[in-house]
Amino acid sequence: MGCRIKTYNETMRILLSNDDGVHASGLMALYKELKKIGKVCVVAPLEEKSTTGHSLTLHKPLRIIKMTKDFYGVNGSPADCVYLGIREILKGMPDFVVSGINRGANLGQDVYYSGTVSAAREACILGLRSLAVSTSVNFSSPPPEDRIHYATAAKLAVQVIQTTKKMEWTKHTFLNLNAPDVPMSKVKGLVPSRQGFRYYSGSVLKRKDHRGKDYFWVGGQYKGFHREVGTDCYEVDRGYASLTPMKLDVTNYDVMSELEDLFS
């Protein structure tokens with residue numbers, strides 16, 4: 001059952017976060033564009049928190065550092081930033097929560113590891129409209145930071161927010177936007193896409209520290225994606241921006257029916 005999004009006659013209040021840190025270029029590009037459509041408050045990690053997933057910090061105290069007007073840094077996760085941004089800094093619900101722009105795509109199952117997506121998901125848990133924004137950087141041949149087309153993703157994010165203001169918004173749903181790393185004029189379009197699947201090598205690098213003890217680097221290298229038409233991976237690969245609606249309920253209802261039959 002959906003709930004009607006209200007039309008805003010006053011300035012839209014936007015909470016902006018990310019996982020690349022409060023000083024990240026992608027955050028600044030998105031802040032610049034969002035200011036054109038609303039009043040923006042930035043609450044982002046003091047340090048990079050990529051691939052931290054959806055975590056809240058419960059084992060140590062959190063601190064909020066005011067950087068400049070409307071800019072705050074938190075020594076915690078992206079989800080921490082949204083949690084504190086709403087409850088302690090804004091002391092109220094914003095109209096929209098945006099997370100990004102991430103340096104790198106968040107496609108397929110990446111969304112389960114992504115700090116960028118977790119910030120949008122945290123807002124979704126609170127019943128707010130939210131959007132995760134990423135730029136699909138080619139990490140096999142990464143461009144310099146100042147050559148990444150963050151402005152493209154920022155403009156597309158504003159387009160998504162403006163276009164979806166009057167739509168029916170199903171409760172506990174958020175949006176995941178991935179833009180190709182090209183100038184805006186070269187984006188072939190923006191298409192709704194379903195979640196795809198990416199492949200990684202799954203390799204583990206084993207090293208020894210100066211005391212002779214083993215330590216490990218995990219992660220592996222990106223190896224491609226399942227080439228299925230209509231997925232986020234497929235659309236971004238062919239030069240389109242993908243927009244994927246995501247939800248909190250990940251129940252597999254087909255299997256649920258089978259289990260009900262087995263255990264009835």
Side-chain angles (χ1 to χ4, degrees), residues 18-20 26 29-30 50-51 53-54 98-121 124 129-143 147-164 167 169-170 172-203 219-255:
N18 73 346
D19 74 358
D20 287 331
L30 190 48
S50 297
T51 66
H54 200 130
V98 186
S99 179
I101 301 167
N102 191 62
R103 185 178 185 271
N106 278 304
L107 301 165
Q109 73 276 24
D110 294 348
V111 299
Y112 295 105
Y113 301 99
S114 168
T116 301
V117 175
S118 76
R121 190 187 295 112
C124 178
R129 297 175 302 149
S130 56
L131 171 69
V133 187
S134 304
T135 293
S136 184
V137 176
N138 179 8
F139 285 112
S140 63
S141 180
R147 299 290 297 275
I148 298 174
H149 297 89
Y150 290 121
T152 299
K155 291 180 186 300
L156 288 168
V158 169
Q159 179 183 334
V160 168
I161 293 170
Q162 294 287 64
T163 303
T164 60
M167 68 174 277
W169 196 277
T170 303
H172 296 317
T173 297
F174 67 100
L175 301 176
N176 184 34
L177 171 66
N178 283 274
D181 184 21
V182 296
M184 188 69 176
S185 60
K186 292 187 177 180
V187 177
K188 294 181 179 179
L190 192 159
V191 291
S193 313
R194 66 185 183 280
Q195 185 179 355
F197 192 90
R198 304 183 97 188
Y199 299 106
Y200 293 90
S201 64
S203 59
Q221 296 180 334
Y222 174 61
K223 294 295 185 181
F225 63 94
H226 181 60
R227 292 190 170 275
E228 188 174 356
V229 176
T231 63
D232 51 6
C233 306
Y234 180 87
E235 298 300 351
V236 171
D237 184 67
R238 69 192 192 107
Y240 288 81
S242 73
L243 185 64
T244 305
M246 317 209 83
K247 61 180 182 177
L248 297 183
D249 183 0
V250 293
T251 305
N252 186 324
Y253 287 98
D254 292 333
V255 175

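Although no hydrogens or angles enter the test, the distance criterion places no donor-acceptor pair under 3.5 Å between the side chain of Thr51 and the main chain of Tyr113. Not one N or O on the side chain of Ser134 forms a donor-acceptor pair closer than 3.5 Å with the backbone of Ala105. Side chain of Ser118 to main chain of Gly115: a donor-acceptor pair is present (N/O by atom type, distance under 3.5 Å, no hydrogens or angles). Side-chain atoms of Thr170 do not come within 3.5 Å of backbone N or O of Thr173 as any donor-acceptor pair. Judged by distance alone, the side chain of Gln195 and the main-chain N or O of Asp232 form no donor-acceptor pair under 3.5 Å. The main-chain N or O of Arg103 is found under 3.5 Å from a side-chain atom of Asp20 such that the two form a donor-acceptor pair. With hydrogens and angles ignored, the 3.5 Å screen pairs a side-chain donor or acceptor of Thr152 with a backbone N or O of Val182.
Of all heavy-atom pairs spanning Ser130 and Cys124, the tightest one is OG-N, 3.9 Å. Counting all heavy atoms, side chain and backbone alike, Glu228 lies closest to Thr231 at O-OG1, 3.0 Å. The shortest non-hydrogen separation linking Ser242 to Val236 is OG-CG2, 3.7 Å. Minimum heavy-atom separation, Ala154 to Ile101: N-CD1, 3.6 Å. Here the shortest heavy-atom pairing between Met167 and Thr164 reads CG-O, 3.0 Å. Between Asn106 and Val111, the closest heavy-atom pair is O-CG1, 3.9 Å.
Residue pairs meeting the side chain to side chain donor-acceptor pair (under 3.5 Å) criterion with at least one partner in residues 180-192, sequence neighbours excluded, are His149-Asp181.
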Please list every donor-acceptor pair under 3.5 Å in which a side-chain atom of residues 155-162 meets a protein atom from a residue at least two apart or in another chain.
from	atom 1	to	atom 2	distance (Å)
Lys155	NZ	Glu33	OE2	3.4
Gln162	OE1	Lys165	NZ	3.4

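For the ring-ring contact (aromatic ring centres under 6.0 Å, His included) test, residues two or more places apart in sequence or in another chain that qualify with Tyr200 are Tyr222. With sequence neighbours left out, the side chain to side chain donor-acceptor pair (under 3.5 Å) criterion links Ser193 to no other residue. When the salt bridge (Lys or Arg N to Asp or Glu O under 4.0 Å) test is applied to Arg121, no partner is found at least two apart in sequence or on another chain. A search for ring-ring contact (aromatic ring centres under 6.0 Å, His included) contacts involving Phe197 returns Tyr199, not counting sequence neighbours.
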Checklist entry - Could you go step by step and tell me if Leu175 and Leu177 meet the side-chain contact (heavy atoms from CB on, under 4.5 Å) rule? => result CA-CA 6 Å; Leu175 301 176; Leu177 171 66; over 6 Å; no
Next on the checklist: Quick one, Tyr150 with Leu30, criterion side-chain contact (heavy atoms from CB on, under 4.5 Å). Give me CA distance, side-chain angles, the key distance, then yes/no.
Outcome noted: CA-CA 8 Å; Tyr150 290 121; Leu30 190 48; over 6 Å; no
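In this structure, Tyr112 places its OH atom where only 12 or fewer heavy-atom neighbours from other residues, nucleotides or ligands lie under 6.0 Å away. Annotation for Gln221: atom CD does not count as buried by contact number, only 12 or fewer foreign heavy atoms lying within 6.0 Å.
Looking at heavy atoms from C-beta onward, Ser114 lies out of side-chain contact with Asn102 at the 4.5 angstrom threshold. Looking at heavy atoms from C-beta onward, Leu107 lies in side-chain contact with Arg198 at the 4.5 angstrom threshold.
Between atom SG of residue Cys233 and atom CG of residue Asn178 there is a gap of 8.5 Å, rounded to the nearest 0.5 Å. Distance check, rounded to the nearest 0.5 Å: CE of Met246 to CG of Leu131 gives 12.0 Å. In this structure, OG1 in Thr251 is found 11.5 Å from CG in Asp254, a value given to the nearest 0.5 Å.
For the pairing with Asn138, the side chain to side chain donor-acceptor pair (under 3.5 Å) check across Ser136, Ser140, Ser141 returns one residue only, Ser140.
Between Thr116 and Asn18, the side chains place no donor N or O within less than 3.5 Å of an acceptor N or O (distance only, hydrogens not considered).
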